[in-house]
Structures are given as C-alpha cells and as structure tokens.
**Q** 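Got a structure for you, questions after.
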Amino acid sequence: MYSNDKQQQLSALIMSTLLFAACFAAWTLVSVIGVQIKNELQLTETQFGILVAAPILTGALARLPMGIMAERWGGRRLMLILVFAVCIPLYMMSIAETYWQYVIAGLGVGLVGSSFTLGIHYVSSWSSRETQGLAMGVFGAGNLGAAITNLIAPLIIIAYGWRMAPSVYAFILITLALLFWLLTQDDPQHNSRRTQPKPPLLKQQLRVLLDLRVWRFGLYYFFVFGGYVALALWLPDYYVTHYGLDLKSASFLTLLFTVPGALTRIIGGWCADRIGARRVNWTVFWTCLVCLFFLSYPPTTMTVHGIDKDITILVEMPVWLFTVLVMVMGIAMGFGKASVFRIVYDYYPDRMGVVGGAVGVLGAIGGFVLPICFGLVADILGVRSSCFMLLYGLLAFCMFAMYYGISVEDRRRRLQDAIRNNFLKDNQNVREG
C-alpha cells in the first residue's frame, strides 16, 4: 500500500509538471509569434506590450476562481477541462487577421495560465509537510515552458511559418492532457471532501483573504514571478531592437534567462525547506537589486574637453554582460518563486487553493501589467533600459514591505510572549500564595 501511494505521488508530480510546462509554453507563445505580428501590422511599443500581455491578464484573473473550484472539486478534472477549452482560441490565433482579433484570441489562450493554481493545489495535496518546498519547486519548474517556446517556436516559424505554431501547441496540449488523466488519480484531500455533507460556503473560503499577510506575499510574487514572465515576453524584442540581433539569436539568448529561472525553482524549494523561505527571499531580493542597478543604466556618451581635443567616451553594456546579468537575475527569481510559495504553505497549509490562487493572481497580474508598463515608459522616456528602472523601483518597494511586515510580526510575537510569560508568572504567584 505504501509503495502504491508513493507511486501515485510520483506520477502526480511528474505528469502535473509536464502538463504545466506545456501550458506555460502556450501561455508565453505570443512573445515569439508577437514579434512577427508586430512587423506585419507595424505596431507601436505600447501596442506590442498589450498584445504580449493579453494572455497574461486572463491567466491572472482566472487563478483565484480556479483555486476556489479546486478546493471544491479537485484540480485534476478541472485541468483536463481547461486544456481542451484553451485549444479553441489557440486555433483562432492561427487564422486571425486584425490586431484586435489577435488580442481577443490571446485573452482566450491566457486562461491556460490558471493551470498553475490547479496544479499547485493538486501537487501540494499529495506531498508531505517536510517536502512541500521541493515538490512545489519541481512542479513550478514547469515555467521551463517559456524556454521551450523560445527554443521550439522559432524552429516551427522557420520551417512552416508562424501560423502553424498555435496548432502544434494545441495538439501537444491535448496529448499531454489525455496522458495526465490516464496516469494520475484524484488527490487525497479531494477524496476526503467527498465524505463531507456539503462543501464550505464561498464566504468561508474567501475569509482568509482578509489577512493582509496574503497580499504581502502576493506582492513578493508580483516581482519574482510577474517580473520573470514579463522579461520572458519582453527580452526577445529587446535583443532584436536594442542589440540588432535576429529573432533566432534573440530567442536563444532569452533561453539563458528562462531556463535557469525555471530549473533553479527546484533548488529554491529545497533550500526553503532546509534553511527557511524568508532567508531565501532576502537573498533573492538583494541579488536582483544589484543586477537591476547595472541593467538600468542606459547607453551614455560622455565628452571630456581635453587640452588639444575633445575625448568622447561611450559607456554601453555589451550583449554578453547584459546576458550574464539577466541570467543571474533569472536564477534568483527561480529561487524566489519557490520560496514565496513555501512561505504561503507555512502559514496556510490547508488553504493552498484560495491563498495560493490569490498570490498567483497578483504574480500573474505582474506578468500582464509589467510588459504594458515597459512599453509605456519606453515610448514616454525613449530609453529602452527604462524597463529595468521600473523593476528596480518595484523591488525596492517589495523589500520595504517585507522589512516592515517582518518587523510588525516580530513586535506582535514579542508582545504575545510577554503577555504569556506575565500570565504564567501571575498564576505561579497565586499558587505559591
């Protein structure tokens, strides 16, 4: 029996991760084919930002409702329904012609982004408390789907044209969804809920969202996940427009950001289990802050008026250094994505559907809002590195919120300890008297 349970846990983790990777690949597909659409329709930076961010919006908004439904009906069957529903707008994207048709199809495809909430609830239900960070880190490594898109989509475009890519993705999604259904079973929590007389009321499920701590965790995820998704969408075009690379080279270099950012989520989950999620978070934030400081500096020409002639100095980050800094930040974000959800589990182990969904909403909203903001600040300031300036300011705010939140919790804990100690001391005096 024990061996059978372990086999079911392993099968649930492996198949959930594979299906989530395919879902994430479809969720970020427009980051690659969007460059082709941008050239065909002559889009502005802001229009391009809206186009690549449209799928992220619906994926973000759907995460909380999916979390609520997962706690009621289980994540396994909802995952199957979701995948089949998303294949329809995927096909529509391959036959669209106008800008708004692409945006609407992208909004439909974006629903697949809510697969994270379904999967994280399903995987955490199978895992023990001691291995939650590792299990959720392995599942979260399905973010590798963004790297798969950067690698596979350009090859499909070169061989068959960009309109074939959505159809290929739809076929892969359906195949993996069927395998997922055949090789997995309903999670233990879902089976135990079947014996309950009636499911909890909606207001009972949502009451936990009144805790401000939930939204503070969501803010952290807004940066580590939203920033990761936004850069995964934005970097191919950044390499093309800023450094003059072709789409194939730009997509390959983006892999150096997306792949480590996905795989290190596994190590991040393990570290969060062993040394504490809060310590991992602080390390992640400081690492990203240093990287963003240098990435934010725009190409600058300085003229020094010498004795005999003017000396012009060009300060510009070469592509290799830019790629290294972005890769380091991707690694740090991978650690951060895992540690944030380990913190969520530490505080809300029985509410991973609703709380995980709320935190996931804010993270995915970051993936929607940030690309649009990248386009806006680039159009307004005329500086391409302004996207990193924006991330720098966001991170500074996250670090302030984290420091303040920890300080408040520590003061509250010391006060509670003091009250408890005084109460015990008074009781002891009464007994001695």
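Basis for what follows: all heavy atoms, side chains included, without hydrogens, waters or symmetry-related copies. Only a predicted model underlies this, so the values are computations on that prediction, with no experimental measurement involved.
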**Q** What are the two closest non-hydrogen atoms of Pro260 and Thr264, and how far apart are they?
**A** O-OG1, 2.5 Å
**Q** Is Leu173 close to Leu90 at the side-chain level, that is, under 4.5 Å between some pair of heavy atoms?
**A**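 A side-chain contact under 4.5 Å exists here.
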**Q** Provide the closest heavy-atom pair for Met333 versus Gly227 in the form atom of the first, atom of the second, distance.
**A**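 Shortest heavy-atom contact: CE-C, 4.0 Å.
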**Q** Would Phe48 and Phe374 count as a close aromatic pair, with their ring centres under 6.0 Å?
**A**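 No; Phe374 has its ring centre 6.0 Å or more from that of Phe48.
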**Q** Considering only heavy atoms from C-beta outward, does the side chain of Ile406 approach that of Arg278 to under 4.5 Å?
**A** yes
**Q** Quick one: are the ring centres of Phe341 and Phe225 less than 6.0 Å apart?
**A** no
**Q** For the ring pair Phe293 and Phe388, is the centre-to-centre distance below 6.0 Å?
**A** no
**Q** Using a 3.5 Å distance criterion without hydrogens, assess whether the side chain of Arg384 forms a donor-acceptor pair with backbone atoms of Ala378.
**A** no
**Q** Has Trp270 got more than 12 heavy atoms of other residues, nucleotides or ligands less than 6.0 Å from its CH2?
**A** no
**Q** Using a 3.5 Å distance criterion without hydrogens, assess whether the side chain of Ser114 forms a donor-acceptor pair with backbone atoms of Arg63.
**A** no
**Q** Between Trp215 and Phe222, is there a side-chain heavy-atom distance shorter than 4.5 Å?
**A** no
**Q** May I ask you to check whether over 12 heavy atoms, not counting those of Tyr243, lie within 6.0 Å of atom OH?
**A**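 Check passes, neighbour count above 12.
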**Q** Give me the atom names and distance for the closest heavy-atom approach of Ala338 to Gly268.
**A** CB-C, 3.6 Å
**Q** With distance as the sole criterion, is a donor-acceptor pair present between the side chains of Tyr239 and Thr323 under 3.5 Å?
**A**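 Note: Tyr239 and Thr323 side chains meet the donor-acceptor criterion.
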**Q** Looking at every non-hydrogen atom in both residues, tell me the closest pair between Leu176 and Met15 and how far apart they are.
**A**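 Where Leu176 meets Met15 most closely, the heavy atoms are O-CE, 4.3 Å.
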**Q** Say whether, by atom type as modelled, one donor and one acceptor occur between the side chain of Arg163 and the main chain of Ser94 under 3.5 angstrom.
**A**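 Such a contact is found between Arg163 side chain and Ser94 backbone.
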**Q** Examine distances only and state if a side-chain atom of Tyr102 and a backbone atom of Met93 form a donor-acceptor pair shorter than 3.5 Å.
**A**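 No, the answer is negative, given that no donor and acceptor are paired below the 3.5 Å cut-off.
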**Q** I'd like to know whether the aromatic ring centres of Phe397 and Phe223 sit less than 6.0 Å apart in this structure.
**A** no
**Q** When you measure from the side chain of Gln47 to the backbone of Leu43, do you find a donor-acceptor pair of N or O atoms at a distance under 3.5 Å?
**A**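 Not a single qualifying donor-acceptor pair exists.
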**Q** With a 4.5 Å cut-off on side-chain heavy atoms, are Leu256 and Val326 touching?
**A**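 No, side chains not in contact.
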**Q** With heavy-atom distances below 4.5 Å as the criterion, would you say the side chains of Leu253 and Leu245 are in contact?
**A**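 The answer is yes; the side chains approach within 4.5 Å.
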**Q** Using a 4.5 Å cut-off on heavy atoms from C-beta on, say whether the side chain of Tyr404 contacts that of Arg216.
**A**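 No, every pair of side-chain atoms sits at 4.5 Å or beyond.
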**Q** For Tyr221, does the six-membered ring have the charged nitrogen or CZ of Lys337 within the cation-pi criterion, i.e. under 6.0 angstrom from the centroid and within 45° of the normal?
**A** no
**Q** Counting distance only, does the side-chain N/O of Trp162 pair as donor-acceptor with the main-chain N or O of Ile33 below 3.5 Å?
**A** no
**Q** Restricting to non-hydrogen atoms, name the atom on Leu80 and the atom on Leu178 that form the minimum distance, rounded to 0.1 Å.
**A** CD1-N, 4.4 Å
**Q** Run the numbers on Phe24 and Phe20 for ring-ring contact (aromatic ring centres under 6.0 Å, His included), then give the verdict.
**A** CA-CA 6 Å; Phe24 205 89; Phe20 175 57; 5.7 Å; yes
**Q** Could you report the tightest heavy-atom contact between Val32 and Ala153, atom names first, then the distance?
**A**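 Heavy atoms of Val32 and Ala153 come nearest at CG1-CB, 3.9 Å.
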**Q** Can you check whether Val280 reaches Arg342 side chain to side chain, under 4.5 Å on heavy atoms?
**A** no
**Q** Taking atom CG of Leu182 and atom CZ of Phe180, what is their separation to the nearest 0.5 Å?
**A** 11.0 Å
**Q** May I ask you to check whether Thr149 and Tyr169 show a side-chain donor-acceptor distance below 3.5 Å?
**A**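 Present: a donor and an acceptor within the cut-off.
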**Q** How about Tyr122 and Phe139: are their ring centres within less than 6.0 Å of each other?
**A** no
**Q** Would you say the side-chain atoms of Ser16 pair up with the backbone N or O of Ala12, donor to acceptor, closer than 3.5 Å?
**A**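 Here the side-chain-to-backbone pair exists.
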**Q** Are any of the side-chain heavy atoms of Leu107 and Pro55 separated by less than 4.5 Å?
**A** no
**Q** Should the heavy atoms of other residues, nucleotides or ligands under 6.0 Å from CZ of Phe84 be counted, would the total exceed 12?
**A**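 Enclosed.
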